[in-house]
Amino acid sequence: MSEIRVRFAPSPTGPLHIGGVRTALYNFLFARQSKGRFILRIEDTDQKRFVPGAEEYILESLSWAGLNIDEGPVQGGPYGPYRQSERRDIYKKYSEQLLKDGHAYMAFDTPEELEAMRERMRKEGNPSPQYNAITRQYMKNSLTLPADEVEKRLAAGEPYVIRIKMPRNEEVKVKDLIRGWVSFQSNQLDDKVLVKADGLPTYHLANVVDDHLMKISHVIRGEEWLPSTPLHVLLYRYLGWEESMPEFAHLPLILRPDGKGKLSKRDGDRLGIPVYPITWKDPASGEESMGFREKGFFPEAFVNMLAFLGWNPGSDQEIFSLDELIKAFSIERIGKAGARFDIEKARWFNQQFLKQKDDAELASMLRPYLEKEGVKAEDAYLVQVCRLMKERAAFIPDIYSEGKYFFAPVEAYDEKIVAKKWNDSVKPFFTALRQRLTDINPFEKEEIEKAVKSEMELKGMKFGQVLPVFRVMLCGTVAGPPIFDVAELLGKEEVLMRMDRFMERYA
RNA sequence: GGCCCCUUCGUCUAGUGGUUAGGACGCAAGGUUUUCAUCCUUGAAACAGGAGUUCGAUUCUCCUAGGGGCUGCCA
């Protein structure tokens with residue numbers, strides 16, 4: 001069996017969204033499990049849509065997700081260059097071959113003329129006019145123009161495009177690994193532009209030529225490409241490569257969480273959910289869209305979540321490391337239907353990974369967030385905070401946002417609890433407790449608990465009367481880790497200060 | 001509009017010509033926890049509709065509906 005070689009071929013027209021990352025992921029998993037090669041090819045044949053920084057963004061996103069590239073523009077490889085704009089000359093040879101063999105022709109129609117033709121046909125009731133076997137007869141191309149006229153135009157340097165000459169009445173069958181055989185009628189297809197007036201190929205030609213030259217064995221891409229696959233099959237045939245044509249697998253799309261349509265940037269803005277792997281700042285508008293990374297997602301969780309959007313292992317296991325995914329992945333188990341992205345499930349995945357991390361690791365991951373907030377804390381202290389908070393967090397930043405009281409004095413007290421529980425019968429209790437705590441050395445949770453309990457007994461009070469108040473004094477809220485743990489970690493001095501502050505305020 | 005793809009709980013999905021249609025997220029209830037969270041238990045929740053094939057269809061076929069994609073000198 002020949003080597004498995006797959007490619008991820010984005011165009012650098014903006015940030016990758018999670019559908020793109022998932023496509024990259026499936027390619028990557030397939031390559032790794034079959035000991036094949038994972039190739040990155042930048043499809044930048046449309047210079048008009050080039051967005052600065054997009055290629056770097058793609059690279060960084062893949063790298064963050066742990067999808068290491070074997071061959072690509074940065075790492076090179078035996079079939080480079082891996083940027084289509086640098087392969088200009090390569091395509092020329094093949095477009096000329098198609099021309100020579102009569103499978104393609106030159107068309108001199110200006111964009112205006114094309115638009116006029118379409119407008120005319122729309123008026124005649126054709127909602128999507130095509131440049132095809134019928135209409136090409138009325139257009140300016142090397143099929144309709146006299147040979148000398150063509151020569152003249154060429155000599156004059158008149159711009160032209162090269163179009164495929166779509167055959168009539170042919171059935172073109174596409175074998176898709178996910179959907180089985182899909183067949184198309186060539187009459188329904190149009191004479192797609194293969195080479196643009198600027199001399200660069202369109203996706204269709206470049207993609208077929210490169211996949212062949214780069215010895216791609218499997219084309220795993222989004223479902224939006226299925227309708228143009230018959231065109232690609234024809235191109236392989238006309239170029240004489242049908243025997244070694246890659247296998248195709250068209251992935252179902254990722255749909256938006258609510259409503260209709262596929263996931264888009266607007267959904268992210270509207271629903272406050274990330275749609276990009278890492279934060280993207282639009283160079284034109286300066287607008288920033290937050291990424292999964294910046295939201296606090298672990299790359300492992302992100303990848304795990306993504307893998308399950310359209311694929312499943314056929315077992316009950318849901319938590320997978322990248323290596324486990326590589327072992328378990330199979331194209332056969334990719335679903336056919338579009339998958340709706342669910343932020344709640346994504347959150348759950350992240351929480352599962354967070355729970356697995358040890359306290360020190362969490363602490364070092366939390367550190368950058370604290371620095372951003374201007375919060376200082378000792379390493380050992382941070383580790384302890386993580387130990388107490390990790391059961392309560394789904395994301396690293398939650399450890400801070402849900403546990404600010406570990407790093408700063410309480411700003412706001414839960415007034416409902418204060419109103420309900422802070423009364424004249426508990427006030428003396430805390431005055432006495434404060435005194436008892438003063439004498440505890442070392443200030444450890446068992447001793448603190450003992451002090452609280454014995455004072456409770458003395459005053460004949462119940463946990464429910466006392467503990468919520470103690471908690472609000474120290475944390476401001478009734479939610480949080482076991483209160484004696486919190487007290488110990490805060491330390492005697494801080495605990496006493498917070499008690500004083502509270503009692504003064506609500507005296 | 002045309003072409004193509006798709007359709008199991010709200011969501012991600014498993015599954016089979018005869019099953020109590022399974023799991024996960026979320027939701028609800030209960031338990032554990034002095035709180036919150038975790039954890040445990042339980043519950044509600046689905047085969048789009050209609051024909052046909054069949055002793056029997058969620059499963060196979062067709063039709064309908066719904067959803068999605070494509071329909072550019074974009075990818």
Side-chain angles (χ1 to χ4, degrees), chain A residues 9-13 43-46 48-49 107 109-111 114-115 118 122 125-131 159-163 174 176 178-179 182-185 187-190 192-204 206-207 221-230 250 252-253 255 257-258 260-262 305 308-319 333 335-349 351 355 389-394 398 402 417 449 452-453 456 462-468 470-472 475 477-484:
Chain A
S11 62
T13 53
E43 309 229 328
D44 57 348
T45 54
D46 185 2
K48 292 190 294 294
R49 293 210 309 160
D109 318 282
T110 65
L114 284 172
E115 190 38 51
R118 293 196 177 105
R122 272 194 286 267
N126 185 341
S128 55
Q130 293 187 318
Y131 201 115
Y160 65 93
V161 300
I162 297 175
R163 289 180 180 271
V174 174
D176 184 273
I178 294 169
R179 285 152 227 283
V182 182
S183 91
F184 299 81
Q185 291 300 324
N187 292 3
Q188 298 288 341
L189 274 20
D190 59 350
K192 279 272 178 301
V193 170
L194 264 18
V195 179
K196 297 177 271 187
D198 63 7
L200 280 168
T202 57
Y203 173 86
H204 307 293
N207 159 69
R221 71 211 324 184
E223 195 184 0
E224 69 267 27
W225 293 107
L226 190 54
S228 46
T229 307
H250 289 95
L253 267 16
L255 276 14
D258 66 338
K260 300 163 193 278
K262 61 176 180 179
M305 176 274 290
F308 270 71
L309 241 37
W311 170 87
N312 76 84
S315 71
D316 279 351
Q317 184 182 351
E318 291 206 273
I319 301 303
R333 295 202 67 88
K336 292 177 169 70
R340 228 170 275 270
F341 169 66
D342 179 9
I343 189 70
E344 287 300 330
K345 186 95 186 215
R347 180 190 152 86
W348 175 81
F349 272 111
Q351 190 180 125
K355 273 163 56 182
M389 290 302 291
K390 81 178 190 189
E391 294 280 272
R392 274 149 269 265
D398 293 350
E402 300 296 311
I417 299 294
E449 184 168 358
V452 170
K453 278 185 176 162
M456 272 169 48
K462 296 201 171 80
F463 277 128
Q465 290 176 276
V466 160
L467 258 15
F470 192 33
R471 188 176 279 284
V472 168
C475 309
T477 162
V478 284
I483 190 60
F484 302 119

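Throughout, a chain's letter reflects where its sequence line sits, starting with A, and its residues are numbered from 1. Computed from a prediction, not measured in an experiment: that's the story for all the values here.
Listed nucleotides rG68(B), rA75(B), rC73(B) differ in distance to L253(A); the shortest reach to its side chain belongs to rG68(B). Of the candidates rA24(B), rU11(B), rU13(B), rU11(B) carries the atom nearest the D342(A) side chain, counting heavy atoms from C-beta on. In this structure, of rC73(B), rA75(B), rG1(B), it is rA75(B) that holds the atom nearest to the side chain of W225(A). Distance from the side chain of D316(A) is smallest for rG23(B) among the nucleotides rC73(B), rC70(B), rG23(B). Comparing rC73(B), rA75(B), rG1(B) by their closest approach to the side chain of R49(A) singles out rA75(B).
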N/O contacts under 3.5 Å, protein versus nucleotides 3-8 of chain B?
residue: rC5(B); atom: O2'; partner: R179(A); partner atom: NH1; Å: 2.5
residue: rC5(B); atom: O2'; partner: E223(A); partner atom: OE2; Å: 2.8

Grab the N/O contacts between the protein and nucleotides 57-62 of chain B below 3.5 Å, and write none if there aren't any.
none

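Checking rA48(B) for Watson-Crick or G-U wobble geometry (two distances, each under 3.5 Å) identifies rU64(B) as its partner. Using Watson-Crick or G-U wobble geometry with both donor-acceptor distances under 3.5 Å, rA14(B) finds no partner in any strand shown. Nucleotide rU38(B) is matched to nothing when pairs are restricted to Watson-Crick or G-U wobble geometry with both distances under 3.5 angstrom. The partner of rC27(B) is rG43(B), by the rule that a Watson-Crick or G-U pair needs both atom distances under 3.5 Å. The partner of rC74(B) cannot be assigned: no Watson-Crick or G-U wobble pair with both contacts below 3.5 Å exists in any strand.
The side-chain contact (heavy atoms from CB on, under 4.5 Å) check on D109(A) picks up A107(A), E113(A), L114(A), Y131(A), M139(A), K140(A), with sequence neighbours excluded. When the side-chain contact (heavy atoms from CB on, under 4.5 Å) test is applied to P482(A), the partners found at least two apart in sequence or on another chain are R392(A), D485(A). In terms of the salt bridge (charged side-chain N to carboxylate O under 4.0 Å, His left out) criterion, E402(A) has no residue partners (sequence neighbours excluded). Residues meeting the side-chain contact (heavy atoms from CB on, under 4.5 Å) test with V472(A), sequence neighbours left out: Y413(A), D414(A), I417(A), V418(A), V478(A), F502(A). Take E391(A) and apply the side-chain contact (heavy atoms from CB on, under 4.5 Å) test, not counting sequence neighbours, and it matches K355(A). Partners of Y160(A) under the ring pair (Phe, Tyr, Trp, His ring centres under 6.0 Å) rule, at least two apart in sequence or in another chain, are F108(A). Judged as a salt bridge (charged side-chain N to carboxylate O under 4.0 Å, His left out), and not counting sequence neighbours, the contacts of K345(A) are E318(A). When the salt bridge (charged side-chain N to carboxylate O under 4.0 Å, His left out) test is applied to K48(A), the partners found at least two apart in sequence or on another chain are D46(A). In terms of the salt bridge (charged side-chain N to carboxylate O under 4.0 Å, His left out) criterion, E224(A) has no residue partners (sequence neighbours excluded).
Only the P atoms considered, rG31(B) is 48 Å distant from rG69(B), to the nearest whole Å. Using P as the reference atom, rA24(B) and rU42(B) are 10 Å apart when rounded to the nearest Å. Taking atom C1' on both rU58(B) and rA48(B), the two are 12 Å apart, rounded to the nearest angstrom. Nucleotides rU16(B) and rU20(B) are separated by 14 Å at their C1' atoms, to the nearest Å. Rounded to the nearest Å, the gap between the C1' atom of rG2(B) and that of rG10(B) is 34 Å. Remark: the separation of the P atoms in rG17(B) and rC12(B) is 25 Å, to the nearest Å.
Remark: P of rG22(B) and CG of N312(A) are 17 Å apart, rounded to the nearest angstrom. L309(A) places its CG atom 19 Å from the P atom of rA24(B), with the value rounded to the nearest Å. In this entry the distance linking CD1 of I343(A) with C1' of rA24(B) reads 17 Å, nearest Å. The NZ atom of K48(A) sits 12 Å away from the C1' atom of rA75(B) (whole-angstrom rounding). Rounded to whole Å, atom C1' of rC12(B) lies 12 Å from atom CE of M305(A). Rounding to whole angstrom units, CG of residue D46(A) and P of rC74(B) are separated by 5 Å. In this structure, CD1 of I319(A) is placed 13 Å from C1' of rC12(B), rounded to the nearest angstrom. For the pair K192(A) NZ and rU71(B) P, the computed distance is 6 Å after rounding to whole Å.
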Which parts of nucleotides 36-49 of chain B does protein reach within less than 4.0 Å, heavy atoms only, written one letter per nucleotide 5' to 3' as B for base, S for sugar-phosphate only and - for none? BBSS----------
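OP1 or OP2 of rA75(B) lies within a sub-4.0 Å distance of a side-chain N or O belonging to T45(A). Distances shorter than 4.0 Å separate none of the side-chain N or O atoms of R347(A) from OP1 or OP2 on rC25(B). A close approach under 4.0 Å does not occur between any side-chain nitrogen or oxygen of R333(A) and OP1 or OP2 of rC12(B).
Within the nucleic acid shown, F308(A) comes within 4.0 Å of sugar-phosphate atoms alone, with no base atom in reach, counting heavy atoms only. At a threshold of 4.0 angstrom between heavy atoms, the contacts of R118(A) are confined to the sugar-phosphate backbone, with no base atom among them. At the heavy-atom level, F470(A) lies nowhere under 4.0 Å from the strands shown. Base engagement by P111(A) is indicated by at least one non-hydrogen atom pair under 4.0 Å involving a base atom. At the heavy-atom level, L200(A) lies nowhere under 4.0 Å from the strands shown. At the heavy-atom level, D190(A) lies nowhere under 4.0 Å from the strands shown. As judged by a 4.0 angstrom heavy-atom cut-off over every strand, T13(A) is placed among residues making no nucleic acid contact. Within the 4.0 angstrom heavy-atom criterion, only backbone atoms of the sugar-phosphate kind lie near G310(A); the bases stay farther away.
The CZ atom of R340(A) sits 10.5 Å away from the CG atom of D342(A) when rounded to the nearest 0.5 Å.
Two residues are said to be in side-chain contact when any heavy atoms from C-beta on lie closer than 4.5 Å; H250(A) and I178(A) fail this criterion. A heavy-atom distance below 4.5 Å is found between the side chains of R179(A) and E223(A). Taking the side chain as every heavy atom from C-beta outward, P481(A) and M389(A) approach each other to under 4.5 Å.
Applying the 3.5 Å distance criterion, the base of rC12(B) shares no donor-acceptor pair with the side chain of R340(A).
Residues A346(A) and P159(A) both approach RNA chain B. Their nearest nucleotides, taken by heavy-atom distance, put A346(A) toward the 5′ side.
The minimum heavy-atom distance between H204(A) and V193(A), with the atom names listed, is CD2-O, 4.5 Å.
Comment: R122(A) engages E115(A) in a salt bridge, judged by a side-chain N to carboxylate O separation of less than 4.0 angstrom.
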